[in-house]
Amino acid sequence: MLMLIKLFVYVFIVTVVLFVLSTLRRYFKCKNKTLKNCAINVALTPLRVFKLGPFSRGESMMRDIHCSLKYATKKTKLSDFGGTQFIESYSKIMNSPEQLKERYSNLGYISAKIELGMGWVRRLKLIQYLKDSPEIRNVPVRSPVFVMGLPRTGTTFLHRLLSLDPATRAPLTWELLAPVPSADPTSSQESHNADRNKRMKFIKKLLETRKSMGDHALEKIHEIGYDLPEECLLGLCDELPVLIQYFHSGYLNIETILSMDATEAYRYYKTVLQLLSFQVGEKETPRRWTLKCPIHLFYPKEIGTVFPDAKFVWTHRHPRSAVPSLCSLVEAAHSVYYEPEGMNVGALGKKLDGLSQHLLQQAPKDIAASKCDNANVVYDNLIKDPLGVVKDLYKQFEWEFTPEYEKIMVDYLAENKAKRDALKAPGKKQLHDYSPEDYHLTDAQLSEGVYKDYIKKFGVPEN
C-alpha cells in the first residue's frame, strides 16, 4: 500500500513538472499568449490525443466541410442552405496544400470548430426565415456606404465616425454573428426587441469567454466589442471563405479567392442587412447603412452590381505602414488558431507585397467600372482634422450634416483622444508594433514602382 502511495506521488509530481515545463515552453514560443492561455492549451492535450469531448470527431470536422454542414443540419433540423456555391468555395481553401499543412492548437481547434458551426447554423436559419417572410427581401437598402482600404489606413476610425450619425446605422458585432431572430416574423416589435436583447447577451458572453482564455493577438490590432460597429467580413463569410481562421491560407491562395464570384456573397449580405432593418421596425425607410471591410477593395464591381447606388470611401496611407500591418494582421490571426511552426513570415511578406501592388493598380479601374459615387480620404488628413474630413464627405455625397451629429462626433473625438493619450502614457506598451523588416520587406521596397505611382496619384505624404 505504501509503495502504491509513493508511486502515485511520484507520478503526480512528474505530471505537474511536465505540465509546468510544457506551459512555459509554449509561453515563450507563442506571441501574445498569456500563461493562462498556454496552460489551458496544454491541459487539453489528453482530450485531443484520446479524441474526447470537443475533439471527439477528430480532425475531420475541420478538414471536411461536409462534417460541419452535417452538424448544422442536425442542430437546426433544417437542410436548405440556399445554394451550394459556398461549399465549393470553402472546399478549395480547406483542401489547399497550405491549409492541410496547418496544425490547430487545442484552443484554436475548439474556437475554429465553434465558428464554423455557427456560420452554417446562421445560414440555415437565415434562409428559413426568409422563406417564412419573403417580404423581408423588399426592405430597401438605399445608398449604403462602403469604407474600404488596406489595414492601418484609418478605415476603422472613419467607419466609427460615420456610424455616429443618427441618420445612419452600422452593423454591430453581435448582430452579424447572430442576425436571425427566434421571434416569429409577425411578432410585435416588443417581442423582436426582447429577442434581440437575448441574442446580444449570448454573443457578449461568448466573446467574454473567449477573451478570458488569455489570447490577445487580435485585440491588439483591432478593437473587438460585442456592441461595436464591425466589419462586413462577418456577413460575407457565410458565402466566401474569409473566416479569420482561413486568413493565412486564404491570402497565400489569394488567386483562388479572387477567382471566386463574390456577387452572390454580396447578395447574401444584402439579405442580412434587410433582416436587421426588418427586425427593428425599419421596413419602408430604413436608415442608411454604413459598412466597412478591407476586402471591399477587391470587389467594387460586384458591390456595384448588388448595390448600384452605393457610395465608396477609399482610405489611403503610405504602404510602408499599410502593407506590414496587413502582414501583422494575418500573422496574428494565424496565431489564434494554429501552431506557430506553420507561419513563414518571409513568404507571407512576399505574397502580400505582390497582392498590395496588384490591388492598388486594379482597384481604381474596378471602382470606375462600378459607376458608383466614390471619395478618397488620406489618413494624415483624417487624423489632423477628422471633423473637417467627414464634413467634406457629406458635402460631396450631398448628405445633411446636422448639428446633432456634429455634437455627437465632437464628444466622441474628445473621448477617443483621452483613450489614445492614456495608451501613450509612459510604461504603456504600443498596441500594434510591426515593421517592414519583420516580413522581409524594406521601406525603399514599399516606396518604389507601383507604390510610388500610388503615393503620387492620391497625394499620400511620404512621412
Side-chain angles (χ1 to χ4, degrees), residues 19 22-23 26-27 30-49 51-59 61-62 67-68 71-72 74-76 102-125 156 171-182 194-231 233-235 237-238 242-247 329 332-340 431:
F19 174 79
S22 297
T23 299
R26 183 170 191 83
Y27 179 71
C30 301
K31 291 183 179 180
N32 300 313
K33 308 290 185 183
T34 63
L35 276 172
K36 179 181 179 180
N37 179 274
C38 295
I40 295 173
N41 253 298
V42 172
L44 288 169
T45 300
L47 295 180
R48 189 170 187 175
V49 170
K51 295 184 179 181
L52 300 173
F55 306 100
S56 60
R57 295 177 181 269
E59 297 295 316
M61 187 70 174
M62 304 310 302
C67 290
S68 54
Y71 159 81
K74 183 178 180 180
K75 183 175 180 62
T76 61
E102 298 284 14
R103 184 174 185 276
Y104 286 96
S105 66
N106 294 332
L107 276 176
Y109 175 92
I110 295 173
S111 295
K113 177 183 173 183
I114 291 173
E115 291 165 16
L116 199 61
M118 280 183 64
W120 306 148
V121 167
R122 179 171 60 237
R123 185 183 179 103
L124 284 168
K125 288 183 176 180
T156 299
L172 307 180
T173 302
W174 77 263
E175 289 181 313
L176 291 173
L177 288 175
V180 186
S182 298
D195 181 76
R196 281 173 56 80
N197 189 54
K198 181 179 179 180
R199 282 179 282 136
M200 179 188 69
K201 289 181 177 179
F202 170 75
I203 296 300
K204 179 183 179 182
K205 183 177 180 180
L206 186 68
L207 294 180
E208 288 175 346
T209 299
R210 180 164 184 164
K211 187 175 181 179
S212 71
M213 296 298 172
D215 194 330
H216 306 306
L218 281 178
E219 67 182 45
K220 287 190 175 184
I221 298 175
H222 177 71
E223 184 182 15
I224 300 172
Y226 75 96
D227 58 348
L228 291 177
E230 192 47 86
E231 295 188 355
L233 199 71
L234 297 180
C237 66
D238 289 357
V242 291
L243 275 172
I244 297 175
Q245 61 180 285
Y246 298 122
F247 269 19
L329 172 64
H334 182 275
S335 72
V336 172
Y337 300 96
Y338 306 105
E339 297 295 346
L431 287 182

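All values below were derived from every heavy atom in this structure, side-chain atoms included, with hydrogens, water molecules and symmetry-related copies excluded.
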Can you name the nearest heavy-atom pair linking [X] to [Y], along with the distance?
{"X": "P179", "Y": "R122", "value": "CD-CD, 3.4 Å"}
{"X": "A178", "Y": "R199", "value": "O-NH1, 2.7 Å"}
{"X": "Y337", "Y": "I244", "value": "CE1-CG2, 3.8 Å"}
{"X": "D227", "Y": "L172", "value": "O-CD2, 3.7 Å"}
{"X": "N41", "Y": "N106", "value": "O-ND2, 2.6 Å"}
{"X": "V121", "Y": "Y71", "value": "CG2-CE2, 4.4 Å"}

Aromatic plane relationship, Y104 with Y338 - under 30° parallel, 30 to 60° tilted, over 60° perpendicular: tilted
[X] side chain near [Y] side chain, heavy-atom distance below 4.5 Å:
{"X": "V42", "Y": "Y27", "answer": "no"}
{"X": "F247", "Y": "L233", "answer": "yes"}
{"X": "R123", "Y": "T76", "answer": "no"}
{"X": "T34", "Y": "N37", "answer": "yes"}
{"X": "R196", "Y": "P181", "answer": "no"}
{"X": "L177", "Y": "L206", "answer": "no"}
{"X": "K113", "Y": "S68", "answer": "no"}

Nearest-0.5 Å distance, [atom1] of residue [X] to [atom2] of residue [Y]:
{"X": "E115", "Y": "I110", "atom1": "CD", "atom2": "CD1", "result": "12.0 Å"}
{"X": "I224", "Y": "K211", "atom1": "CD1", "atom2": "NZ", "result": "9.0 Å"}
{"X": "M213", "Y": "I40", "atom1": "CE", "atom2": "CD1", "result": "5.0 Å"}
{"X": "M62", "Y": "E102", "atom1": "CE", "atom2": "CD", "result": "12.0 Å"}

Pair K204-W174, side-chain contact (heavy atoms from CB on, under 4.5 Å): steps then yes or no: CA-CA 7 Å; K204 179 183 179 182; W174 77 263; over 6 Å; no
S212 and K36: CA distance, side-chain angles, deciding distance, side-chain contact (heavy atoms from CB on, under 4.5 Å) verdict: CA-CA 9 Å; S212 71; K36 179 181 179 180; 4.2 Å; yes
Side-chain donor/acceptor of S335 to backbone N/O of A332, under 3.5 Å: yes
Flag, side chain of Y109 to backbone of R103, donor-acceptor distance under 3.5 Å: no
NZ/NE/NH1/NH2 to OD/OE distance under 4.0 Å, R48 and E59: yes
Ionic contact status for R26 with E339, cut-off 4.0 Å: yes
Audit row: M118, I203, side-chain contact (heavy atoms from CB on, under 4.5 Å) steps and yes/no: CA-CA 11 Å; M118 280 183 64; I203 296 300; 4.1 Å; yes
